[in-house]
Amino acid sequence: MMALLGSLIALGAALVFAALAVATLWGGWQAVRRELVRGFVSANPSTVERLWSLFLTVVPLLGAVLLGLLAAWRIFQVALGLG
């Protein structure tokens, strides 16, 4: 009984981690599209500055998303007794 309850809680945690990863990706995309690109228009930075800004925004964002998805996957495996 306790193992079943623990598995259900772990599955719920995996779903939450996956949802947070998707929300992070969506929020990051919105920030890049609405804030960063608008800043490029108003400030008119050089091409190198634009690429550097995009790189320093997108890489940590993707890192956070991938870590969230990895955590969700590992918790899911543990909940099913696979890992």
Side-chain angles (χ1 to χ4, degrees):
M1 179 66 177
M2 293 302 286
L4 179 63
L5 182 60
S7 292
L8 288 175
I9 291 171
L11 286 174
L15 286 174
V16 169
F17 268 96
L20 285 175
V22 170
T24 300
L25 186 62
W26 181 79
W29 173 250
Q30 294 300 315
V32 166
R33 210 169 50 107
R34 292 183 180 172
E35 301 298 327
L36 195 60
V37 174
R38 283 188 188 165
F40 290 162
V41 171
S42 64
N44 197 20
S46 69
T47 303
V48 173
E49 288 179 281
R50 290 176 191 219
L51 290 174
W52 191 240
S53 296
L54 282 172
F55 179 78
L56 290 176
T57 303
V58 171
V59 169
L61 175 72
L62 291 178
V65 169
L66 289 175
L67 283 175
L69 290 175
L70 178 64
W73 176 246
R74 291 297 297 150
I75 294 170
F76 181 74
Q77 285 180 326
V78 168
L80 296 180
L82 301 173

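- Atom CG of L20 and atom CG of L25 lie 12.5 Å apart (nearest 0.5 Å).
- The side-chain heavy atoms of F40 and L54, taken from C-beta on, include a pair separated by under 4.5 Å.
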Can you give each donor-acceptor pair under 3.5 Å made by side-chain atoms of residues 73-83, sequence neighbours left out, with the distance rounded to 0.1 Å?
{"from": "R74", "atom 1": "NH1", "to": "Q77", "atom 2": "OE1", "distance (Å)": "2.4"}

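- With contacts defined as side-chain heavy-atom distances shorter than 4.5 Å, the pair L15/L11 does not qualify.
- Summarising the geometry, atom CG belonging to L56 is positioned 12.5 Å from atom CG belonging to L61; distances are rounded to the nearest 0.5 Å.
- Between the CG atom of L51 and the OG1 atom of T47 there is a distance of 6.5 Å, given to the nearest 0.5 Å.
- The closest side-chain heavy-atom distance from L66 to L70 is not below 4.5 Å.
- Proximity of a side-chain donor or acceptor of E35 to a complementary backbone N or O of V32 within less than 3.5 Å is not detected.
- The heavy-atom pair separating A18 from A72 by the smallest distance is N-CB, 3.7 Å.
- Residue R33 places its CZ atom among more than 12 non-hydrogen atoms of other residues, nucleotides or ligands, all under 6.0 Å distant.
- Minimum heavy-atom separation, A64 to T24: CB-CG2, 4.4 Å.
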